[in-house]
Amino acid sequence: MIRNDIADLVAQAIRDAQAAGALPAFEIPAVEIGRPKDPKHGDYAANIAMQLARPARMAPLAVAQAIIAHLPAHPALGEVQALPPGFINFRLGDGWLAGQVAAIEASGGQYGNIDLGHGRTCQVEFISANPTGPLHMGSARNAVLGDSLGNLLAAAGWQVQREYYVNDAGTQMRTFAETVFLRYKQVLGLDAPLDKQHYQGTDIIDLARTIAAEHGRRFLDMPEEDAILELREIALTKVLANIRQTVERLRIHFDCWYSERSLYEPGGRFEHVLSHLRENGMTTQRDGAEWLLTSTMGSDRDEVIVRSSGQPGYYASDIAYHYDKFALRGFDRVIDVWAVDHQNQARRMPYLMRALGLDPQRLDILLYDIVRLYRDGQEVKLSKRSGNVITIDEVVDEVGVDAVRFLLLTRSNQAVMDFDLNLAVAQKDENRAFYVQYAHARMASILRRAAERGFPRERWADGNLDLLRHPAELTLLRKMADLSEVIERAALDLAPHNLAFYAQDLAKLFHAFYRDCRVLPGREDDAAGEGAAAPEAEIAAELSAARLRLVAATQSVFARVLGLLGVAAPESM
RNA sequence: GCCCCCAUAGCGCAGCGGAUAGCGCGUCUGACUUCGGAUCAGAAGGUCGCAGGUUCGAAUCCUGCUGGGGGUACCA
């Protein structure tokens, strides 16, 4: 990455300046390279001279000049200058920028990739919504964040595994099964009122109707407990099938669907972990329950691992599941994507990790804030209890996958998201997904046109990139050269929204280039011909070839970024 | 009570301790006989919630306060 190269060059220059006596001896701090906002300050800036002013006992500007005087040459660098109060500004060379077209072509669609992961394994676990009904819009943000994060980490050198944790154990599942049973009885004409704690959603009526159609009245002719258990399995299968379908529509693929219940099978993970913890003296009996001694790991309290009833406690599944992830399946790193209402649980995870003898640094919890849905300016309240739910499928039907994915990625994770169904569906200026996709389609259109006008790829594939010197061309190239830094920032912060903003910026710069720079040989050719200057016509064709390479390269960068976001890159629209 | 998150232009939001705080929408004014006008250019619009502190330098870090959201159980 060019920024790191510059940091290395500066550190080297300081050492050389010290060796030459231009700077006094002092310990060299880490060199930070920033990005100036104002383009006239160049592409990169170092503030090191100001930091060194005190130890060097020199004016910041003089330090900066001494560093520049000893700066080794680098092919990417153009002008380098010192400016008050002591910044060193670096400008990328035009030739190097133009050469990025070739670098993009050679990257095989992987331009911008970096290597933070060094091939280590990283599991991203996301969605993991209770399988008690269709996925609703709250899960959509989770889905899109998790999936894009997976793409991003893969681009950053991690070996990514995507996992959906199926909460098919516990009391929620029990309540769900009871609700299905009651609805089933209702469908068959029996009086079976729901209780307050049961799921009120009408989707379960449909579910019960289907089950009644397939299985008849047979669940009425067996002990109620048996009926509930059997219905639980049937309903679970159907709900999961529905969830899988929705997930596919969102263009998400999970490598593994992990059953919570499997943790509690005889001889399963939970038993294994529990005995492991007991052997290590990490549990104790108190008030009839068994507690995990997280207080010895820095927590303000212990956690119940086995309730006095004999049932596993709240954190039992988390303990067994994460032990499985790290100690048994051996992921180097795990990221759990959770909604902000799990913040307390998230805060306790590091202590659980320590109690398990695992390094908490290997686990990241990505907390994101809620989604508020609006229609016609009115908030649509989601409430599972009342059964008022807007499903992902409904919104995708209305808005389309691309708008849903893009819009959900245009907020930072910890900002509340207001999602207006009408705006998203309007597909006008408000919809940024369309703006970005339009830019890609326009590039595709230009390349199609070139071929139609007898200028196919073979004729411009080796166009002379040194002709790319127009400010609009160079600005576009600068932005593309940024991609690896955007990927780095987004991967380090677990913040895919950086990519969504980058895509918009890039689209804007492409449109500016399109405005200022004619790509296809057209009127400019004719004008040159009228002036009886045949060589100029030839130059126009060469310039056109260079620009076609630039357009094709830009298109591939766009496809890449849209791919990381999980948004389609259409050839036309 | 305690803990976490949020507060930036009329509205919606970006912004890794750096230079004149940006983007979109909205408003106003403009741009197609030429590659996609689903586009582009220009203008107006800010005491970065308030008050202190750290720093050569703070929207960014620290403390306190105000306002909004969330979390705090042998419930999941």
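Note that these values count all heavy atoms, side chains included, but never hydrogens, waters or copies made by symmetry. Labels below follow one simple rule: chain letters A, B, ... track the order of the sequence lines, proteins then strands, and each chain is numbered from 1.
- Summarising the geometry, atom OG1 belonging to A/Thr554 is positioned 13.5 Å from atom CZ belonging to A/Arg442; distances are rounded to the nearest 0.5 Å.
- Between A/Arg449 and B/rG36, a side-chain N or O to OP1/OP2 separation shorter than 4.0 Å is present.
- Residue A/Arg515 places at least one side-chain N or O closer than 4.0 Å to OP1 or OP2 of B/rA41.
- When the side-chain nitrogen and oxygen atoms of A/Arg432 are compared with OP1 and OP2 of B/rG24, none of them lie within a distance under 4.0 Å.
- The side chain of A/Ser412 places an N or O atom within less than 4.0 Å of a non-bridging phosphate oxygen (OP1 or OP2) of B/rA14.
- Ranking B/rC74, B/rA19, B/rG71 by closeness to the A/Val304 side chain, first place goes to B/rC74.
- Here B/rG1 sits opposite B/rU72 as a Watson-Crick or G-U wobble pair (both hydrogen-bonding atom distances under 3.5 Å).
- Comment: A/Glu178 engages A/Arg174 in a salt bridge, judged by a side-chain N to carboxylate O separation of less than 4.0 angstrom.
- Here A/His497 does not count as stacked on B/rA14, because the ring centres are not under 5.5 angstrom apart with planes under 30°.
- Annotation: B/rC50 and B/rA31 have their C1' atoms spaced 46 Å apart (nearest Å).
- In terms of polar N and O atoms assigned as donor or acceptor, the side chain of A/Ser308 comes within less than 3.5 Å of the base of B/rC74 in a complementary pairing.
- Under the 6.0 Å cut-off for aromatic ring centres, A/His322 and A/Tyr315 do not qualify, their centroids lying 6.0 Å or more apart.
- Pairing for B/rG52 goes to B/rC62, judged as Watson-Crick or G-U wobble with the two contacts each under 3.5 Å.
- Under 4.0 angstrom from either OP1 or OP2 of B/rC40 there lies no side-chain N or O belonging to A/Lys508.
- The nucleotide B/rA41 finds its pairing partner in B/rU29, both defining distances of the Watson-Crick or G-U wobble pair being shorter than 3.5 Å.
- For B/rC40, one of the phosphate oxygens OP1 or OP2 lies less than 4.0 angstrom from a side-chain nitrogen or oxygen of A/Tyr435.
- Shown here, B/rG67 forms a base pair with B/rC6; the pair counts as Watson-Crick or G-U wobble because both key distances fall under 3.5 Å.
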